[in-house]
Amino acid sequence: FEVVVGKEDFKFSAAHFVAYDGFRERMHGHNYQVAVRMKGEYQVAHDGYVIDFGDIKRMTRRLCAELDQRFLYPQRSNVINSKVTDGQVMMKCQDGSLFTMPEADCALLPIMHSTAEELAHYLYNRLVHDFTPEYLRMRGVRTMEITVAEGPRQEA
């Protein structure tokens, strides 16, 4: 059995740019959409659920709200040097570009690139952490898939 939840309000609007060795794209934004799929064992749990839709909705909405109206800053980038001082995030890119933004306007993420793929992985890890692996195992959840779309038919 599986559940799929992809609500219209599983969304966030955010700015970002992708940078890697020898390349930095211009800063731009997306209206991201998120969906969650969880697959359980061959039978549902004693209460008739794989997992309660309400729990998935509450946690996913909270995660989207943390990213909404923010600059997605990949803290593990190997081509962006940064420091946070006095509430400001200062970034110097490999190409010499300098950015300074209020820390409150940034989502400081433990990722290397702010791609849809790495955002999906980040959200996956957060949901596993927030639900807890023990709870997911107890519910019989064996597989979880997170989809992050940057636009229609453009998702990871």
Side-chain angles (χ1 to χ4, degrees), residues 1-21 23-80 82 89 91 93 99 101-156:
F1 291 91
E2 69 180 30
V3 295
V4 179
V5 185
K7 305 297 284 180
E8 284 187 27
D9 62 346
F10 284 12
K11 64 183 179 180
F12 59 97
S13 298
H16 81 128
F17 59 82
V18 174
Y20 52 83
D21 191 29
F23 174 80
R24 182 186 66 80
E25 68 181 352
R26 292 175 59 101
M27 186 184 304
H28 61 282
H30 295 283
N31 295 313
Y32 294 93
Q33 285 289 147
V34 176
V36 178
R37 176 187 307 265
M38 293 187 184
K39 293 183 182 181
E41 296 178 333
Y42 295 110
Q43 58 187 1
V44 295
H46 68 282
D47 56 7
Y49 295 120
V50 170
I51 197 159
D52 191 323
F53 286 144
D55 292 338
I56 294 171
K57 290 189 277 189
R58 181 176 39 80
M59 289 185 181
T60 305
R61 286 178 179 134
R62 182 177 43 77
L63 292 175
C64 288
E66 290 176 10
L67 302 176
D68 193 36
Q69 300 296 311
R70 302 282 193 278
F71 172 75
L72 305 177
Y73 176 63
Q75 290 182 296
R76 295 185 178 160
S77 173
N78 61 348
V79 296
I80 304 171
S82 69
V89 176
M91 297 170 274
C93 298
F99 297 89
M101 294 182 211
E103 183 178 8
D105 289 358
C106 297
L108 305 176
L109 303 175
I111 59 179
M112 185 172 266
H113 309 96
S114 57
T115 60
E117 293 88 341
E118 290 197 40
L119 290 171
H121 189 246
Y122 167 75
L123 292 171
Y124 173 93
N125 286 334
R126 286 290 307 273
L127 283 173
V128 168
H129 176 267
D130 291 355
F131 273 112
T132 77
E134 296 78 18
Y135 179 75
L136 293 171
R137 274 194 296 277
M138 189 245 342
R139 296 296 315 176
V141 174
R142 297 295 178 246
T143 304
M144 183 168 65
E145 175 183 301
I146 306 299
T147 303
V148 174
E150 293 181 338
R153 307 200 50 79
Q154 185 170 316
E155 59 191 39

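This one's a predicted model, so the numbers in the text were calculated from it and none came from an experiment.
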Considering only distance and modelled atom types, tabulate donor-acceptor pairs under 3.5 Å from the side chains of residues 4-11, sequence neighbours left out.
from : atom 1 : to  : atom 2 : distance (Å)
D9   : OD1    : R61 : NE     : 3.2
D9   : OD1    : R61 : NH2    : 3.3
D9   : OD2    : R61 : NE     : 2.6
D9   : OD2    : R61 : NH2    : 3.3

Pair up each side-chain donor or acceptor in residues 148-155 with any protein partner under 3.5 Å, not counting sequence neighbours, and list the distances.
from : atom 1 : to   : atom 2 : distance (Å)
E150 : OE1    : Q154 : NE2    : 2.8

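Distance check: L123 CG to E118 CD gives 12.0 Å after rounding to the nearest 0.5 Å. Annotation: the span from L119 atom CG to T147 atom OG1 amounts to 12.5 Å, rounded to 0.5 Å. With rounding to the nearest 0.5 angstrom, the CZ atom of F17 is 5.5 Å from the CE atom of M27. Expressed to the nearest 0.5 Å, how far CD of E117 lies from CD1 of I111 amounts to 10.5 Å. Remark: D130 CG to D55 CG distance equals 11.5 Å, nearest 0.5 Å. The line from OG1 of T132 to CE of M138 is 8.0 Å long, rounded to the nearest 0.5 Å.
Atom CZ of R76 has 12 or fewer heavy atoms from other residues, nucleotides or ligands within 6.0 Å. More than 12 heavy atoms of other residues, nucleotides or ligands shown are found within 6.0 angstrom of NE2 on H28.
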> Can L136 and I51 be said to form a side chain to side chain contact (heavy atoms under 4.5 Å, CB included), step by step?
Replying inline: CA-CA 8 Å; L136 293 171; I51 197 159; 3.8 Å; yes
>> For a side chain to side chain contact (heavy atoms under 4.5 Å, CB included) check, start with the C-alpha distance between F131 and R139, then their side-chain angles and the critical distance, and finish with the verdict.
In response: CA-CA 10 Å; F131 273 112; R139 296 296 315 176; over 6 Å; no
> Is there a side chain to side chain contact (heavy atoms under 4.5 Å, CB included) between E145 and K39 once you walk through the steps?
Replying inline: CA-CA 9 Å; E145 175 183 301; K39 293 183 182 181; 5.9 Å; no
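Between R126 and E66 the shortest side-chain heavy-atom distance falls below 4.5 Å. Looking at D105 and V89, their side chains never come closer than 4.5 Å, going by heavy atoms from C-beta outward. Taking 4.5 Å as the limit, some side-chain heavy atom of L67 sits within range of a side-chain heavy atom of L109. In this structure, the side chains of Y122 and L72 stay at 4.5 Å or more apart for every pair of heavy atoms. Within the 4.5 Å cutoff, the side chain of V79 has no heavy atoms near those of the R24 side chain. In this structure, the side chains of N78 and D21 stay at 4.5 Å or more apart for every pair of heavy atoms.
Closest approach of S114 and P74 over heavy atoms only: N-CB, 4.2 Å. Nearest heavy atoms, V18 versus F23: O-CE2, 3.8 Å. In this structure, C106 and M101 approach most closely via the heavy-atom pair SG-CB, 3.9 Å. For the pair I80 and C93, the tightest heavy-atom approach, listed with the atom from each and the gap, is CG1-SG, 4.1 Å. The minimum heavy-atom distance between M144 and Y124, with the atom names listed, is O-CE1, 3.4 Å. When all heavy atoms of E2 and V50 are compared, the closest pair comes out as N-CG2, 4.4 Å.
Aromatic ring centroids of F99 and Y73 lie 6.0 Å or more apart.
Note: H113 and Y20 have perpendicular aromatic rings, judged against thresholds of 30 and 60 degrees for the angle between ring planes.
In terms of modelled atom types and a separation under 3.5 Å, the side chain of H16 and the main chain of A14 share no donor-acceptor contact.
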